[in-house]
Every structure is written in structure tokens, then in C-alpha cells.
There are 2 protein chains.
Amino acid sequence: MTNRIETQAKAKGLRLTGQRKLIAQVLAEARDHPDVPELHRRVAEHDERVSLATVYRTTKRFEEIGILERHEFGDGRARYEQVPREHHDHLIDVDTGKVIEFHSEEIERLQAETARRLGYELVGHRLELYARPCRPRGSVK
Amino acid sequence: MTNRIETQAKAKGLRLTGQRKLIAQVLAEARDHPDVPELHRRVAEHDERVSLATVYRTTKRFEEIGILERHEFGDGRARYEQVPREHHDHLIDVDTGKVIEFHSEEIERLQAETARRLGYELVGHRLELYARPCRPRGSVK
DNA sequence: ATAACTGCAAACTTTTTGCTCGATG
DNA sequence: CATCGAGCAAAAAGTTTGCAGTTAT
């Protein structure tokens with residue numbers, strides 16, 4: 001039951017403690033972008049002895065070695081997501097906070113073109129769309 | 001010496017206290033995107049009796065009525081900027097930290113279209129391009 | 001006059017850190 | 001068995017809030 005995060009962490013020379021395996025597992029299973037306190041809550045369901053400080057240190061460590069992506073969707077908290085195989089951006093529902101992933105090859109291309117036009121070579125970007133449902137029809141969940 | 005922020009605040013029915021005028025002035029003069037503690041520091045240079053709480057409440061109030069823009073450039077702090085007359089996004093030179101403002105009508109259009117395609121109405125966005133200057137040719141870092 | 005606003009301090013939240021002990025490679 | 005990591009608690013740092021007094025309109 002070794003997941004991609006564990007594999008990468010080991011490859012980077014990190015010690016695979018029980019806590020880290022557990023955190024890696026929870027992150028690998030997460031379909032959303034949990035913040036650290038939330039991550040800690042989920043981890044605690046499996047082992048309540050894991051401390052919040054450890055979750056903070058571990059996510060930071062995981063981010064440093066490039067296996068986690070850190071986001072800050074306007075609420076001031078750091079949210080983490082396993083670095084995806086294919087890049088995507090995020091649309092945030094401003095009413096519910098729900099995050100939808102999307103990808104637009106056309107926008108990507110225009111970003112690179114815009115940078116080039118300014119005399120730069122694009123090395124990264126952050127794109128977040130803040131929006132609300134078109135029509136106040138059937139509330140989800 | 002009434003600035004745009006003051007004018008708009010008055011128009012929105014806010015009471016123009018000495019503190020608010022001072023905060024508005026400092027913001028109108030700012031060419032950067034100061035966070036609240038920094039804003040408070042600058043305000044204190046003119047009147048040290050203005051409290052930090054007031055700066056927090058005032059920036060929040062100003063943002064609510066749409067005369068300030070709130071940013072969170074990855075460091076978890078709220079940073080404020082007077083709402084510009086023409087919208088722009090930012091390209092950040094990753095080598096020097098220099099910020100270049102740009103605007104792409106085409107990207108804007110695609111963003112709205114992307115949101116609509118997902119069943120949402122775009123109400124805001126954040127786009128930051130991270131880039132480095134195009135090298136003349138084959139120089140190594 | 002009176003609702004809006006301010007200062008102060010206390011409380012809250014998220015995140016970091018010092019220290020000691022424990023566990024991994 | 002030398003490090004690296006974990007737990008705990010205390011402390012930063014940013015932000016909010018209750019309350020009592022002040023002020024713009």
C-alpha cells in the first residue's frame with residue numbers, strides 16, 4: 001500500500017515514519033484541497049496521537065521536495081494538493097468554497113504568448129477563477 | 001486635498017473621520033500593495049494614535065464598498081491596493097521580483113467562457129505569470 | 001441626538017519553534 | 001548509533017471582537 005507520495009518521499013531521502021505514511025495516505029486519497037487543520041483531523045481519525053505540528057512540518061517538507069502543491073484560495077490558509085500528473089487551474093465557488101479543477105490549453109498558450117510579448121519566458125503561473133453558479137437552481141449536496 | 005478614495009467613501013455614505021482620511025491618503029499615495037500592519041505603520045507616521053484595529057476595520061469597510069482591492073500574494077496576509085481604473089494582471093520576474101502589469105482581453109474573455117462552460121458566472125479572478133527575461137541566446141544561468 | 005466609529009485589550013486562528021525524547025536507516 | 005523526526009507547549013503573527021467612550025452628520 002505504497003502510494004506515489006511515499007515513493008517520491010523515499011526517493012528524496014526522507015524517513016518514512018508512521019506519521020508521514022499516514023499523512024501521505026490521507027493526501028493521496030483526498031479529492032479536495034484540505035488545509036492543515038483539516039488534514040490533521042483526517043489523520044487523527046486513523047491515529048489520534050499524530051500532532052498538529054507534525055502535520056505542519058510534514059506538509060512543508062513535502063512541498064519543499066516538490067510532491068505537494070500549496071494553494072491559498074483567498075481565505076488566508078494554506079491548502080495542499082498532491083502535485084497532479086497533468087496541470088490544472090482552479091475555479092472557486094465564492095458561495096460555497098467548492099473548488100473545481102479545469103484546464104484550458106488556449107489560456108495556457110495565451111499566457112506564454114503574453115509573457116513572450118513582454119520579453120519574458122514563462123516559468124509558471126497561478127490562475128484562479130472566482131465565480132458563482134449561473135442560476136440559483138437546485139443546490140448541490 | 002480630497003482623493004478618490006475619500007470621494008467614493010463619502011458617496012457610499014461612510015463617515016469621514018480623521019482616521020479614515022489619513023488611511024485613504026496613505027493608500028492613495030501607495031504605489032505598492034501594503035498589508036495592514038505595514039499600512040498601520042505608515043499611518044502612524046502621521047498620527048500615532050490611530051489604532052491597528054481601526055486600520056483593519058477601515059480596510060475591510062473600504063473593500064466592502066469596492067474602493068479597495070484585496071490581494072493575498074502567497075504569504076497569507078491581506079494586502080490592499082486602490083482599485084485601479086483599468087483592470088490588470090501581474091507578471092512577476094522570478095529573478096528580480098519586479099512586477100509588470102499587463103492586460104489581455106483575450107485571456108479575460110476565455111476566463112469568462114471557461115467559467116460559463118462549467119456552469120458558473122465569473123465574478124473575479126487572479127492571474128499571475130511567473131517568468132524570467134528571455135535570454136539573448138545560449139547564456140547559462 | 002444618535003448611529004457610526006474608535007481605542008484598548010482580550011480572544012482567535014493559523015503557523016512556527018524550542019526542547020526533549022524516540023525512532024529510522 | 002547518529003540523525004532525523006515527533007510530541008508538547010509556548011509563542012509568533014495576523015485578524016477579529018466586546019465594551020465603553022467619542023464623533024460626524
Original post:
So, A:R79 side chain and A:H33 main chain: donor-acceptor pair closer than 3.5 Å or not?
Top reply: yes
Original post:
Taking it one step at a time, do A:F102 and A:L129 satisfy side-chain contact (heavy atoms from CB on, under 4.5 Å)?
Top reply: CA-CA 10 Å; A:F102 70 88; A:L129 302 184; 3.6 Å; yes
Original post:
Can you list the steps and then say if B:L22 with B:Q19 is a side-chain contact (heavy atoms from CB on, under 4.5 Å)?
Top reply: CA-CA 5 Å; B:L22 189 45; B:Q19 294 85 324; 5.8 Å; no
Subject >> Interatomic distance, B:E38 CD vs D:dA13 P [rounded to whole Å] >> reply: 15 Å
**OP:** Give a yes-or-no answer on whether the side chains of B:H103 and B:E105 include a donor-acceptor pair shorter than 3.5 Å.
**Re:** yes
Original post:
Is B:E81 reaching over with its side chain to a backbone N or O of B:E69, donor-acceptor style, under 3.5 angstrom?
Top reply: no
Original post:
When you measure from every atom of DNA chain D, which of residues 51-68 of chain A have a heavy atom less than 4.0 Å away?
Top reply: A:S51, A:A53, A:T54, A:R57
**OP:** Apply side chain to side chain donor-acceptor pair (under 3.5 Å) to B:H71 and B:E128, showing your working.
**Re:** CA-CA 12 Å; B:H71 300 289; B:E128 291 158 20; over 6 Å; no
**OP:** Examine the side chains of B:H87 and B:E108 and answer whether a donor and an acceptor come within less than 3.5 Å of each other.
**Re:** yes
Subject >> Test salt bridge (charged side-chain N to carboxylate O under 4.0 Å, His left out) applied to B:E113 - qualifying residues, sequence neighbours left out >> reply: B:R109, B:R117
Subject >> Sidechain-backbone polar pair: A:H40 side chain, A:V50 backbone, donor-acceptor under 3.5 Å >> reply: yes
Original post:
Starting at CD of B:E72 and ending at C1' of D:dA13, how long is that distance when rounded to a whole Å?
Top reply: 15 Å
Original post:
Nucleotide range of DNA chain C contacted by chain A, 5' to 3', under 4.0 Å to a heavy atom?
Top reply: C:dT14 to C:dG25
Original post:
With no hydrogens and no angle check, is any side-chain donor or acceptor of B:R70 less than 3.5 Å from a backbone partner on B:A78?
Top reply: no
Subject >> Those residues of residues 42-50 of chain A lying under 4.0 Å from DNA chain D by at least one heavy atom >> reply: A:R49, A:V50
Original post:
Can you tell me if A:R20 uses its side chain to pair, donor with acceptor, with the backbone of A:R15 under 3.5 Å?
Top reply: yes
Subject >> Residues, nucleotides or ligands: over 12 heavy atoms within 6.0 Å of A:R49 CZ >> reply: no
Please list, pair by pair, any protein nitrogen or oxygen found under 3.5 Å from a nitrogen or oxygen in nucleotides 22-25 of chain D.
unit_1	atom_1	unit_2	atom_2	d
D:dA24	N3	B:R15	NH1	3.2
D:dT25	OP1	B:L16	N	3.3

Subject >> Qualifying residues under side-chain hydrogen bond (donor to acceptor under 3.5 Å, both in side chains), relative to A:R116, sequence neighbours excluded >> reply: none
